*Asks:* 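The structure follows.
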Amino acid sequence: MLAALIRAALSQRVLVLAAAALLVALGLRAARDVPLDVFPEFAPPKVEIQTEAPGLSTEEVEQLVSVPIEIVVSGIPGLDTVRSKSVLGLSSVVLLFKADADLLVARQTVQERIARVQPSLPTAARAPVMLPPLSSTSRAMKIGLSSATLDAMQLSELVRWTIRPRLMTVPGVANVAVWGQRDRQLQILVDPDRLRAANVSLAELRAAAGDAVLVGGGGFVDGANQRLPVQQSGLVQSAADLADAVIKLAGGAPLRIGDVARVVEHYAAPIGSAIIDDGPGILLIVEKQPTGNTLALTRAVEAALAELQPGLGDVHVDSTLFRPATFIERSIDNLREALLIGCLLVAAVLFLFTRDPRQALISLVAIPLSLLGAALVLLWSGATINVMIIAGLVIALGEVVDDAIIDVENIARRLALNRTAPLPRSSFDVVLSASLEVRSAVVFASLIVIGVFLPIVFLGGVAGTFFRPLAIAYMLAIGTSLLVALTVTPALCLMLLPRSAADAQQEARLALWLKRAYARLLPKLIGRPGMAAGIVAAGLLIAGIGYAGFKDQFLPDFQEADFLMHWIGKPGTSLEAMERITVQVSKELRAVPGVRNFGAHIGRAEVADEVVGPNFAELWISLDAAADHEASVKRIQSVIDGYPGLFRDLLTYLRERIKEVLSGASATVVVRIFGPDQDQLRAAAEQVRAAAAGIAGVADLKVEQQVLVPQIQIRPRLDALATMGLTAGEVRRQAQTLIAGQKVGEIYRDRKAFDVAIWAEPEVRADTRQIAELLIETTSGAPVRLRDVADIRIVPAPNEIKRENGQRRLDVTMNVSGADLGTVARAVETAVRALPFERGYYPQVLGEYAALKAAREQLLFTSALGLIGMLLLVWTEFRSLRLTALFATSLPFALVGGVLAVMATGGLLSLGSLVGFVTVIGISARNGIMLLAHYQHLQQHEGEAFGPALILRGASERLLPILMTASCAGLALLPLIVAGNAPGHEIEYPMAIVILGGLVSSTALNLLLMPALYGRYGRELRP
């Protein structure tokens, strides 16, 4: 089959080259509109259901809303985890599905289940809302709005009716959450004493207000020839209009709403706030869909804001508070630069090793064809090109040219020998036979490289979603390069090489010098196979010792210029208090050199992904691109360390999202305790916290703030209700109206809708004493005080309750500082296992180390299977157990250089480093197979007898191809190594370090040790 393919490519070489040119044209065309993002979707499919339940306590929300929803959604196909969070007046149930689940089907199934449970929810609960599907890195932009002339309500109107609707039309936008929104209301502020003095009941006031703003259809009137619609226009447009509305006649005179209550335009009690730079404002968080293109979305949002700018007046719009597109642009630019420099270095190597520019050109053609072919396959399959895919292509850069180098070198050598032959053959036959001579080994070597990467494709969890695109891009590039080597390379060789001048076939000075030096050194090594075996054994021992001493790291810190801090006060802290302290820290942080701007959101927004109380804030800080990253981070950390009364941490958004996906908590190590009772959970969590506190390297240790907070409890007394002729529902309804407020209707003004609500005066609802004095109207019209019919007291109540898979849970979280992740995590696991837990309570240790451990075990297992497959391929190629065993025992020596490289750069072993070791195995296997196959070819097809002459000739002839392929692979990675931890290189840098070190040791193995080992152990070959 290979012979037929190569023969067809040579015969139809013009068509082959035309197809190659078409591939390049398609690739360049596709590059103009390529969808770009920072990382692949690394979070599992998720559905979140939020249910507002105003007035319900945390425990009531859990039992009456969260648990029924959990029960009804359990058992959905593909469901992996059910998490819920219940806070005062709000339930959030999050469903995590298996990675292969269809999100749209899952959402449809969830919607059907929710429709079944909705009628059984309490009347206080509103209809459950399913949040829109969001990307793993859902927050695509944060936009700060502030104005020196507009008040909060005017700014909110601009956002609600102009800005947000425009941004929601941008393709890829899933939601625009608004923090700090203050929607205008017409509020009827009630003082019960004034109502009683005017002999007006709260029910009468509520009915009058509702009637005043009632909106209804007018119907139509039919005439003999015409139908006329009837419109009933609303009379109320302002607070003054509503104050003039009549409640009833008293003594023959109208009693108006304004006579018994104060009517104002104001906003409801806020659930969240936003601080922009040093003052209040509005923060828009643009959230993108799972398939959203961050770069395209960001640019479209910025264009939409530019369109709106003429109508915004003096509103200051800051769209750079948080802009992940900046990190993506820097990352992509850095990787493109590394790719370009790598290509130039590879070209330099090819021109340095050969004097014939045609040979170098033919080899170089494989680079764009292989990379563009792989990229087109990915694009046509619907993939978004991200940093990991580009990294896979960069790593493959040095290897996609290998097949072409091997083919071109062999064809050029055979053509040169053919010129001096007594009976020269046709160039067609020489190129065909020379191609077939190396094809079998090249195909097997490429299959082995692809097989080595297959275990990465089957990685699960976050590790798999990160590295799978890299592995797929790498394998596609290798596969495409093999196809190019089988078709385009022979065709070009036939068209260009036979026409080369005879002196162009002379070897370059560097090649001649290397061959002479190699010829002097190799005979000394061939005669000492015991020394070669000893070096291999010693190298493996050193590698094992070095590997055992490595420090663990899951993923590196990303060099983002945008930072977030969780800024959490004690549960029960008011929104106003959090605003004051956030403004203070804003002033200090903005004074740090390099800090460009500041934004913060406190509490929550309506239908947003943050289910938190007013004590929770996130601070967002952006650095200038030219700022000293490390120095700025240290200064920022110093500022926030000056607020010891709050829990705070400093993270990049990507880091926070990865931690959140791993465990549902934004910490490196999480001890999650399950059990039925909150008090017991807190006691167990304190045990865990005390045990972890003594472990070196543990930082930011805290127990999740599921604590008891003061809560005002109003409990009607049945005997008093019976005496007064009241029902518990009426007491609750009136108390809720006065304390929480009640919407009675809405007005429409300038095509905008505004709520109308009844609420008590601020001083009436100010404290428990005032609440106890609230007047409740009886059926007879005589008022009674709330304290006369109900017990009002302050009781402890949980601020939030979290559940997972049907059980309550509580987290103890910690980060790692100044120590190895693996050492700290293992010490925590040991300490937790030694603790006694009550019956029904048990812990789980989650986080980055657990994910790293699972990924490492899975990678080792699948790599072992891949190694077995590799050895089967080698045996299939050579049909020799001795050669297969020789190949297998020498292969691990390739890892020695990678281990030494990791040791020299700090000894930190991340997932990227592990993937680098896998890559090294593939590269070493390719060169080893090519060397052994060449030995066999010389012995079986050219009559070379087994012995030193065979070994010297075979190694000498393979010297330049091995050095060229190793140099190309190494120099292609050099830009990544020189750039260090630049944006976009964070994961690839440790991979490149390992691969470069492994290339050195694998090249030494194949050129210096393998010939000696082959001379000692490779004698028994198949006939």
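Note that the structure is a prediction, hence the values are computed from the model and not measured. Values below: every heavy atom of this structure, side chains too, minus hydrogens, waters and symmetry copies.
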*Asks:* If you count the non-hydrogen atoms of other residues, nucleotides and ligands that lie under 6.0 Å from NZ in K752, is the total more than 12?
*Replies:*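 More than 12 heavy atoms, drawn from other residues, nucleotides or ligands, come within 6.0 Å of this atom.
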*Asks:* Assess the residue pair D811 and T813 against the criterion (side chain to side chain donor-acceptor pair (under 3.5 Å)); give the C-alpha distance rounded to whole Å, side-chain angles, the decisive distance to 0.1 Å, and a yes or no.
*Replies:* CA-CA 6 Å; D811 289 348; T813 61; over 6 Å; no
*Asks:* Please report, to 0.1 Å, the donor-acceptor pairs under 3.5 Å made by any side chain of residues 265-272, with sequence neighbours excluded.
*Replies:*
unit_1, atom_1, unit_2, atom_2, d
E265, OE1, R184, NH1, 3.0
E265, OE2, R749, NH1, 3.2

*Asks:* With the threshold set at 4.0 Å, does a side-chain nitrogen-carboxylate oxygen contact exist between K142 and D562?
*Replies:*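 The answer is no: the pair does not qualify as a salt bridge.
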*Asks:* Give the C-alpha distance, both sets of side-chain angles, the deciding distance and a yes or no for salt bridge (Lys or Arg N to Asp or Glu O under 4.0 Å) between R648 and D641.
*Replies:* CA-CA 8 Å; R648 67 267 180 226; D641 285 343; 3.6 Å; yes
*Asks:* How close do R126 and T51 get, heavy atom to heavy atom, and via which atoms?
*Replies:*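 In terms of heavy atoms, the two residues are closest at O-CG2, 3.4 Å.
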*Asks:* How close do I640 and M565 get, heavy atom to heavy atom, and via which atoms?
*Replies:* CG2-SD, 3.0 Å
*Asks:* Would you give me the side-chain donor-acceptor pairs under 3.5 Å for residues 685-693, sequence neighbours excluded?
*Replies:*
unit_1, atom_1, unit_2, atom_2, d
E686, OE1, R689, NE, 3.0

*Asks:* I need the minimum non-hydrogen distance between I673 and L681, along with the two atoms involved.
*Replies:* O-CD2, 3.6 Å
*Asks:* For the CD1 atom of I49 and the CD1 atom of I69, what is their distance to the nearest 0.5 Å?
*Replies:*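 That separation rounds to 6.0 Å.
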*Asks:* Centroid-to-centroid, F616 to W567, below 6.0 Å?
*Replies:* no
*Asks:* Applying side chain to side chain donor-acceptor pair (under 3.5 Å) to T326 and E329, what does each step give before you reach the verdict?
*Replies:* CA-CA 5 Å; T326 303; E329 290 163 348; 4.7 Å; no
*Asks:* If the threshold is 4.0 Å, N to carboxylate O, is there a salt bridge linking E62 and K802?
*Replies:*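 Here E62 does not pair with K802 in a salt bridge, since their nearest N and O are not under 4.0 Å apart.
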*Asks:* Classify the side-chain pair E48/Q50 by whether it contains a donor and acceptor separated by less than 3.5 Å.
*Replies:*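 The answer is yes; a qualifying pair exists.
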*Asks:* Looking at E804 and K85, is there a salt bridge between them, counting it only when a charged N and a carboxylate O are closer than 4.0 Å?
*Replies:*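 Answer for the salt bridge query: no.
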*Asks:* Would you kindly say whether S57 and E60 are connected by a side-chain donor-acceptor distance under 3.5 Å?
*Replies:*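 Indeed, the side chains of S57 and E60 share at least one donor-acceptor pair under 3.5 Å.
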*Asks:* Which heavy atom of I285 sits nearest to which heavy atom of W179, and what is that distance?
*Replies:*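 Between these two residues, the closest heavy atoms are CD1-CZ3, 3.3 Å.
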*Asks:* How close do V170 and A304 get, counting heavy atoms only, and between which atoms?
*Replies:*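 Nearest pair, atom of V170 first, then A304: CG2-CB, 4.4 Å.
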*Asks:* Within the structure provided, determine whether I282 and L284 are in side-chain contact (heavy-atom separation under 4.5 Å).
*Replies:* yes
*Asks:* Got a salt bridge between D278 and K587, using NZ or NE/NH1/NH2 to carboxylate O under 4.0 Å?
*Replies:* no
*Asks:* To the closest 0.5 Å, what do you measure between CG (L312) and CG (L308)?
*Replies:*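 One gets 5.5 Å once the value is rounded to the nearest 0.5 Å.
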*Asks:* Under 4.0 Å between a side-chain nitrogen and a carboxylate oxygen: does that hold for E610 and R139?
*Replies:*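 Looking at E610 and R139, the cut-off is met.
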*Asks:* So, E52 and R604, do they make that salt bridge, N to O below 4.0 Å?
*Replies:*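 Result for this pair is yes, salt bridge flagged.
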*Asks:* Hey, mind stepping through Y653 and E618 against side chain to side chain donor-acceptor pair (under 3.5 Å) and telling me if it holds?
*Replies:* CA-CA 11 Å; Y653 178 59; E618 282 185 354; over 6 Å; no
*Asks:* With a 4.0 Å cut-off, would you call D277 and R590 a salt bridge?
*Replies:*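 Salt bridge flag = yes for R590 with D277.
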*Asks:* Using 4.0 Å as the upper bound for N to carboxylate O, is an ion pair formed by D700 and K702?
*Replies:* no
*Asks:* Taking all heavy atoms of L88 and all of T58, pick out the closest pair and write down the distance.
*Replies:* N-OG1, 3.5 Å
*Asks:* Run the numbers on D183 and Q181 for side chain to side chain donor-acceptor pair (under 3.5 Å), then give the verdict.
*Replies:* CA-CA 6 Å; D183 288 332; Q181 187 163 317; 2.8 Å; yes
*Asks:* Are R765 and W759 in a cation-pi contact, defined as NZ or CZ under 6.0 Å from the six-membered ring centre and within 45° of the axis?
*Replies:*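 Pair R765/W759 counts as cation-pi.
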